[in-house]
Amino acid sequence: MNTNHPLLASLADEPPPFPDSHPQLQRLDRSVLCTICKEIFRAPVTVTCGHTFCSECIRSSLSVMTDKKCPLCHATITEGSIRRNRAMEEVTEAWETARDSLITLSQPVAGPSRRRPPPEPNSKSSSSTSANLKRPRRSDESRSQSPNKISKKSTDHVDHVVSSDSEEEEQVQEISENDEGECPLCSARMAIASIPMHIERGCPPVSKKKSAPGNQKADWRKVFSMAGSTKEKNVSMKRITSPNYHLATPTDLRNILNEYSLPTVGDKPALEARVRQWIILFNSNLDTEHPKSLSALRAKLNAEEISKKRDKERGRDEAVENLKTTEGFAEHVRNSGAEFERLRKEIMERDAKRAKAAKGLEASSAIEVD
Amino acid sequence: MAALPKRILKETERLMSDAPPGISAAPNNDNLRHFDVTVAGPDQSPYEGGVFKLELFLPDEYPMNPPKVRFLTRIYHPNIDKLGRICLDILKDKWSPALQIRTVLLSIQALLGAPNPDDPLANDVAQNWKEDEKAAIAQAKEWTRLYANGE
């Protein structure tokens with residue numbers, strides 16, 4: 001067995017598994033894995049029968065199935081029945097943050113350091129230095145934003161998704177300041193941002209109640225103009241319903257792609273594939289607390305398309321190249337020679353039979369021929 | 001070479017480090033989606049003692065679409081034709097992305113232990129199997145000895 005296979009090297013930066021001495025933790029570890037991608041749930045969703053998958057996994061698997069069934073129990077399901085599973089997302093995140101410390105605790109106390117000794121020198125170093133007990137994904141984001149979480153939830157997710165990551169936090173801050181809060185002294189309600197000024201002035205009665213929403217409106221405009229300045233269109237963050245691909249014209253498909261600033265090159269099959277893949281990516285991105293920016297999604301779509309194309313061309317080139325070499329051709333002949341011979345014989349026999357039958361027919365009913 | 005999904009890497013690693021009994025599978029060095037597989041004939045079946053070579057290919061859409069599997073060793077079996085194609089529901093309409101290479105190969109091994117002449121792929125073999133099971137089993141044993149001797 002080839003244990004030095006390049007495959008194994010690329011798996012080295014996997015998080016270490018739990019030791020066999022803790023089967024219950026191993027089981028817990030497995031229970032937050034998606035059965036389709038075998039990785040920890042990303043944007044978990046639940047279907048009618050109650051099984052949970054990553055949103056992207058189940059959406060893309062439904063898109064290729066002719067009769068749509070749950071991958072685990074074969075119950076009939078539809079894409080419309082997919083529901084976001086917030087509890088599972090919370091559990092997954094909590095598990096991810098707790099996992100490393102649990103691994104440390106589950107290790108038999110032998111070495112002098114209580115810290116988990118990294119199994120490979122370079123395996124986990126990046127994550128353990130940047131955030132000592134967190135796994136790389138979502139690491140800082142989820143923590144640093146947690147104080148704002150309530151206000152963030154109360155506001156819309158629209159701008160949150162549209163903006164690129166760096167702006168995202170600023171905007172979240174801004175919006176939370178525009179939310180209404182109570183003055184700690186006179187308990188009048190007003191925009192949180194204006195509370196300090198209000199107290200400084202000695203708590204004058206809040207007469208301009210209407211100014212707050214007006215203010216908010218202006219701020220929203222600012223948010224959107226900012227979004228515009230980063231070349232993002234004002235994209236609606238609603239699920240895309242798939243068009244009827246049989247009836248859709250290339251122009252229809254191009255319109256959809258245009259709406260999300262995606263490339264519109266290619267023939268109808270190419271456009272259709274792109275729209276399909278985009279809908280999967282876009283819709284599953286709406287099933288999570290931590291959606292990616294649209295530009296990240298676009299980059300992903302593009303990367304997938306390129307790799308698919310390369311694979312296709314590669315396969316074809318290889319087959320043709322193989323035939324060009326004498327050994328390749330000889331092998332092809334060896335492999336398919338017998339089959340070819342059989343087919344040739346079959347056709348010959350068929351032709352002979354047909355000729356015979358035709359002759360017989362002619363002889364018996366020469367009159368009817370014309 | 002396009003990036004392989006993590007899932008394929010993980011499956012490969014597990015297949016190579018902890019293969020199911022009687023089954024081995026290793027990827028080609030130049031195409032990691034292409035596996036050379038051997039399956040040992042199950043005990044108490046006409047294929048007992050035989051070592052069957054198969055090829056397995058993971059299409060781009062895997063795991064959304066099933067892997068493509070084919071016998072390279074000749075075998076006398078009602079659900080496997082002379083080109084090595086296999087009639088197995090999970091390789092076709094019953095495929096589910098929750099299945100994996102390991103489960104597919106185990107199913108194929110199970111198919112060797114339980115031929116199903118009522119859902120044939122090789123009609124002549126199935127016919128023999130139904131008409132004279134003893135003779136068919138003897139034939140299968142003979143073919144196993146001739147072709148699946150692991151050489």
Side-chain angles (χ1 to χ4, degrees), chain A residues 1-14 17 33-40 51-54 56-75 273 277 280 300 303-315 318 335-336 338-339 342, chain B residues 1-19 23-38 53 55 57-66 68 70 72 74 81-85 89-90 92-103:
Chain A
M1 198 164 296
N2 181 7
T3 40
N4 289 325
H5 204 277
L7 275 174
L8 302 178
S10 63
L11 277 174
D13 49 321
E14 277 286 287
L33 297 186
C34 167
T35 41
I36 298 180
C37 63
K38 316 282 182 205
E39 283 182 64
I40 199 154
H51 285 118
T52 302
F53 309 94
C54 300
E56 196 187 325
C57 292
I58 187 69
R59 282 175 201 277
S60 40
S61 98
L62 284 183
S63 78
V64 300
M65 281 185 200
T66 38
D67 50 342
K68 313 206 179 298
K69 300 234 162 96
C70 168
L72 284 172
C73 65
H74 296 285
Q277 194 56 30
I280 292 171
K300 191 173 172 193
E304 279 174 11
E305 216 168 272
I306 287 174
S307 100
K308 229 169 228 174
K309 199 171 151 202
R310 200 188 306 143
D311 262 8
K312 225 171 238 167
E313 280 170 3
R314 190 173 158 273
E318 223 164 58
N335 287 342
S336 40
E339 183 60 12
R342 188 187 65 78
Chain B
M1 175 100 201
L4 277 180
K6 209 37 132 3
R7 161 166 172 164
I8 296 185
L9 297 185
K10 279 190 183 169
E11 277 196 55
T12 312
E13 195 244 6
R14 176 122 190 270
L15 272 175
M16 287 168 69
S17 62
D18 172 27
I23 289 175
S24 80
N28 268 0
N29 276 330
D30 46 342
N31 185 353
L32 299 180
R33 288 178 177 272
H34 196 127
F35 288 74
D36 297 316
V37 177
T38 60
K53 286 197 179 112
E55 62 177 3
F57 182 74
L58 303 175
D60 272 348
E61 299 79 18
Y62 180 83
M64 303 315 163
N65 282 352
K68 299 185 190 321
R70 194 170 80 88
L72 297 175
R74 288 191 75 178
D81 73 1
K82 57 181 149 195
L83 297 180
R85 296 177 297 194
D89 54 358
I90 61 159
K92 301 194 172 82
D93 52 322
K94 289 283 177 352
W95 169 253
S96 140
L99 296 168
Q100 43 181 327
I101 302 175
R102 168 181 293 264
T103 45

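Chain identifiers are assigned alphabetically (A, B, ...) following the order of the sequence lines, protein sequences preceding nucleic acid strands; residue numbering begins at 1 within each chain.
- Top candidate by heavy-atom pairs under 4.5 Å with chain A, chosen from B/K94, B/R7, B/K82, B/E61, is B/R7.
- Closest heavy-atom contact between B/P97 and A/I36: CB-CG2, 3.9 Å.
- The closest side-chain heavy-atom distance from A/E39 to B/P5 is not below 4.5 Å.
- Note that SG of A/C37 and CD1 of B/I8 are 12.5 Å apart. Values are rounded to the nearest 0.5 Å.
- Under the 4.5 Å side-chain criterion, counting only non-hydrogen atoms from C-beta, B/S96 is in contact with A/H74.
- More than 12 heavy atoms of other residues, nucleotides or ligands lie within 6.0 Å of CZ in B/R70, so this atom counts as buried by the packing criterion.
- Heavy-atom pairs under 4.5 Å with chain B peak, among A/C34, A/C70, A/S60, at A/S60.
- Taken from CE in B/M64 to CD1 in A/I58, the straight-line distance is 8.5 Å, to the nearest 0.5 Å.
- Heavy atoms of B/Q100 lying under 4.5 Å from chain A belong exclusively to its side chain.
- For the options A/T35, A/T66, A/L62, A/L72, heavy-atom pairs under 4.5 Å to chain B are most numerous at A/T35.
- In terms of modelled atom types and a separation under 3.5 Å, the side chain of B/K10 and the main chain of A/K38 share a donor-acceptor contact.
- Shortest non-hydrogen contact noted between B/A98 and A/P71 is CB-O, 3.7 Å.
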